Colleague: 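First the structure, then my questions, so here it is.
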Amino acid sequence: MCRPFASQIEALKGSEKTLLSSIEALKRSEEALLMSEERYRSIVETTDDSIYLVDGNYKYLFMNESIGKEWGFQEGNI
């Protein structure tokens, strides 16, 4: 018996495996990124060092809690 669509079906099965593999790799990358962000956030929030980010117009984009304490800002006003 001849199956006229057998090669196309096999090609789709191969594509499905490739797609699933890509999705799994993407999920692993996303998890690694989330863990890295959490480590970074933990370091920035708990260090006694002052950390801040200023843009090209000298606008403060970020300050950690240590710099706020050092400069006398109240929590929520940073």
Side-chain angles (χ1 to χ4, degrees):
M1 172 184 251
C2 180
R3 294 178 49 190
F5 299 108
S7 63
Q8 288 89 344
I9 291 171
E10 289 304 314
L12 286 174
K13 287 180 181 177
S15 296
E16 178 184 20
K17 289 178 185 176
T18 301
L19 181 59
L20 289 174
S21 177
S22 295
I23 290 170
E24 290 170 356
L26 182 60
K27 286 182 179 181
R28 286 190 301 271
S29 296
E30 183 180 24
E31 181 63 30
L33 177 61
L34 290 173
M35 290 174 63
S36 176
E37 287 174 345
E38 183 59 35
R39 282 193 306 268
Y40 167 80
R41 187 178 303 107
S42 176
I43 292 167
V44 169
E45 290 176 354
T46 60
T47 185
D48 290 332
D49 295 326
S50 297
I51 300 174
Y52 59 96
L53 179 63
V54 180
D55 70 8
N57 295 317
Y58 304 102
K59 178 181 175 184
Y60 287 90
L61 303 174
F62 172 80
M63 291 183 186
N64 69 343
E65 191 173 323
S66 291
I67 199 165
K69 288 178 183 176
E70 182 180 325
W71 289 0
F73 291 119
Q74 297 293 323
E75 189 171 335
N77 292 334
I78 297 175

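Here the structure is a predicted model, which means the values were calculated and not measured.
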Colleague: Can you tell me how far apart CZ (Arg28) and CD1 (Ile23) are? Round to the nearest 0.5 Å.
Modeller: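 Here the rounded value is 11.5 Å.
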Colleague: Is it the case that more than 12 heavy atoms not belonging to Glu37 sit under 6.0 Å from its CD atom?
Modeller: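 It does: Glu37 CD has more than 12 such atoms within range.
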Colleague: Does the side-chain contact (heavy atoms from CB on, under 4.5 Å) test come out yes or no for Lys17 and Leu20, once each step is laid out?
Modeller: CA-CA 5 Å; Lys17 289 178 185 176; Leu20 289 174; 5.9 Å; no
Colleague: Under 3.5 Å, is there a donor-acceptor pair between the side chain of Ser29 and the main chain of Ala25?
Modeller: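 At least one qualifying donor-acceptor pair exists.
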Colleague: So, Thr46 side chain and Ser42 main chain: donor-acceptor pair closer than 3.5 Å or not?
Modeller: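 The answer is yes, because a donor-acceptor pair under 3.5 Å joins these two groups.
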Colleague: Parallel, tilted or perpendicular: which one describes the rings of Tyr60 and Trp71, with boundaries at 30° and 60°?
Modeller: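 Aromatic pair Tyr60/Trp71 classed perpendicular.
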Colleague: Quick one: CG on Asp48 to CG on Asn64, what's the gap to the nearest 0.5 Å?
Modeller: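 Going from CG on Asp48 over to CG on Asn64, the span is 9.5 Å.
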Colleague: Would Leu61 end up clustered with Val44 when hydrophobic side chains under 4.5 Å apart are linked, directly or stepwise?
Modeller: yes
Colleague: Restricting to non-hydrogen atoms, name the atom on Val54 and the atom on Tyr52 that form the minimum distance, rounded to 0.1 Å.
Modeller: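 What the structure gives for the nearest pair is CG2-CD1, 3.5 Å.
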Colleague: What's the separation between atom CG in Leu26 and atom CG in Leu33, rounded to the nearest 0.5 Å?
Modeller: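 Between atom CG of Leu26 and atom CG of Leu33 there are 10.5 Å.
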Colleague: Which residues pass the salt bridge (Lys or Arg N to Asp or Glu O under 4.0 Å) test with Glu38, sequence neighbours left out?
Modeller: Arg41
Colleague: Using modelled atom types only, decide if a donor and an acceptor are shared between the side chain of Asn57 and the backbone of Lys59 within a distance under 3.5 Å.
Modeller: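 Side chain of Asn57 to backbone of Lys59: no pair is present.
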Colleague: Membership question, hydrophobic clusters at under 4.5 Å side-chain separation (ILVMFWY): are Leu53 and Tyr40 in the same one?
Modeller: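 Yes, same cluster.
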